Chemist: 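Take a look at this one; I'll ask things after.
Convention: sequence-line order gives letters A, B, ...; per-chain numbering from 1. Here the structure is a predicted model, which means the values were calculated and not measured.
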Number of protein chains: 2
Amino acid sequence: MNQKEIKNSVNKIFTEYLTSQGYRKTPERFAILDEIYDCKTHFDVELLYMRMKEKKYRVSKATLYNTLELLLACKLIIKHQFGQNTAQYEKSHKSKQHDHLLCIACSRIIEFCDPRIQEIKNDIGDFNNFQVNDHSLYLYGYCEKCKK
Amino acid sequence: MNQKEIKNSVNKIFTEYLTSQGYRKTPERFAILDEIYDCKTHFDVELLYMRMKEKKYRVSKATLYNTLELLLACKLIIKHQFGQNTAQYEKSHKSKQHDHLLCIACSRIIEFCDPRIQEIKNDIGDFNNFQVNDHSLYLYGYCEKCKK
DNA sequence: TTCACTGCAAACGCTTTGCATATGG
DNA sequence: CCATATGCAAAGCGTTTGCAGTGAA
């Protein structure tokens, strides 16, 4: 699926979500979705704001936060809270569930998948009588370039 | 090891850390450590501030943040960034490495241990040529009281 | 027409910082 | 002594909120 097809697909998902929830299909919302799917990697609100400012669309921070909330709800993006400050986001269209390795020296991010995570979620959930919906896992250390 | 012995032990560790780094051994720092080791569970800066205010010691927020930083450095506490706001802390003296289940409805926190986490760290580290030092894992969902 | 959405700016809340004062070494 | 710590209050900074104006349905 190329970039164009992905955009059509997420556009459709977002449209259906907005319709089903009785939300309005405003041009701002679709412009934001479009900009997000142009992002190669992780991004934050400030970056998105600057990029859209440079282009045709200038949206307010309030609208950005509002729209990111909607996109989170229909799972078109994922939110990461790496530190205590700026939240990071990434697009997540049909992407395989994955976690992250973070280099504490150079900030490199590597994605990985491990089926044992799902097993742990199931087992720990069962054992504690918890309905586990979601998780966040980050491994911290030094990448090959940074370890001595 | 009882509460008294634990306090003696962490006191010694903190003293040695401060000395080795050339930091001053101020009464505020030890009062804060003491108050933290009276906490049964997780706590945040505000809670610590209120508790100390009620007792003999009234320390400023600035000093609390400063001291928490030192205690993090010598691994006598662990810091959690559950949301984008208030950071949570917990004491970590020789406690078994554990992770957390968080109820997204009532904020209940349950701790759990799973040896598979360590296996994942080893395997993913090896596979990606990463030296994995640390990790954070949180499972989110509904606890037995909150799931419908 | 109408009410949800947007933009703007002010408010929020946790954390950090600046500065005068106090004190450990 | 004097450089480091403390207390206080102000500043920072990402995020949220209030409100008047706008535009999708």
Chemist: How long is the line joining CG of B:Leu70 and P of D:dT6, in whole Å?
Modeler: 8 Å
Chemist: Verify whether one side chain among A:His135 and A:Asp99 offers a donor that lies under 3.5 Å from an acceptor in the other.
Modeler: yes
Chemist: Just the rounded figure in Å: distance from C1' of D:dA5 to CZ of B:Phe30.
Modeler: 14 Å
Chemist: Salt bridge or not for A:Lys121 and A:Asp134, using N-O below 4.0 Å?
Modeler: no
Chemist: I'd like to check B:Asp34 versus B:Lys7 (side-chain heavy atoms, cut-off strictly below 4.5 Å). Are they in contact?
Modeler: yes
Chemist: Note the angle between the end axes of the helix from C:dT1-D:dA25 to C:dG25-D:dC1, five pairs defining each, rounded to 10 degrees.
Modeler: 30°
Chemist: Could you tell me how the ring of A:Phe14 sits relative to the ring of A:Tyr17: parallel (under 30°), tilted (30 to 60°) or perpendicular (over 60°)?
Modeler: parallel
Chemist: Assess, by modelled atom type and distance only, whether the side chains of A:Tyr37 and A:His93 contain a donor and an acceptor separated by less than 3.5 Å.
Modeler: no
Chemist: Is the closest basic N to carboxylate O distance between B:Arg116 and A:Asp123 below 4.0 Å?
Modeler: yes
Chemist: Whole angstrom is fine here: how far is it from CG in A:Leu47 over to P in D:dG14?
Modeler: 13 Å
Chemist: Mapping B:Lys61 and B:Glu28 onto DNA chain C by nearest heavy atom, which one lands closer to the 5' end?
Modeler: B:Lys61
Chemist: May I ask you to test the A:Asn2-A:Ile6 pair for a side-chain heavy-atom distance under 4.5 Å?
Modeler: no
Chemist: Rounding to a whole Å, what distance do you find between B:Lys25:NZ and D:dT4:C1'?
Modeler: 13 Å
Chemist: In this structure, how many angstroms lie between the C1' atom of D:dA5 and the CG atom of B:Leu71, rounded?
Modeler: 15 Å
Chemist: Of all nucleotides in DNA chain C that come within under 4.0 Å of a heavy atom of chain B, which is furthest toward the 5' end and which toward the 3' end?
Modeler: C:dC14 to C:dG25
Chemist: State, with a plain yes or no, whether a side-chain heavy atom of B:Asn133 is found less than 4.5 Å away from one of A:Tyr140.
Modeler: no
Chemist: Of the options D:dT17, D:dT4, D:dT6, whose atoms approach the side-chain atoms of B:Arg24 most closely?
Modeler: D:dT4
Chemist: With a cut-off of less than 4.0 Å, is there a side-chain N or O of B:Thr63 near OP1 or OP2 of D:dA5?
Modeler: no
Chemist: What contact category does B:Asn66 fall into here, base, sugar-phosphate, or nothing, at under 4.0 angstrom with non-hydrogen atoms?
Modeler: sugar-phosphate
Chemist: With distance as the sole criterion, is a donor-acceptor pair present between the side chains of A:Thr19 and A:Lys25 under 3.5 Å?
Modeler: yes
Chemist: If you assign each of B:Tyr65 and B:Tyr23 to its closest nucleotide in DNA chain C, which residue comes earlier from the 5' end?
Modeler: B:Tyr65
Chemist: Let me know the distance between CG of B:Leu68 and C1' of D:dA5, rounded to the nearest Å.
Modeler: 15 Å
Chemist: In whole Å, what is the span from the NZ atom of A:Lys79 to the P atom of D:dG14?
Modeler: 14 Å
Chemist: Let me know the distance between OH of B:Tyr57 and P of D:dA5, rounded to the nearest Å.
Modeler: 16 Å
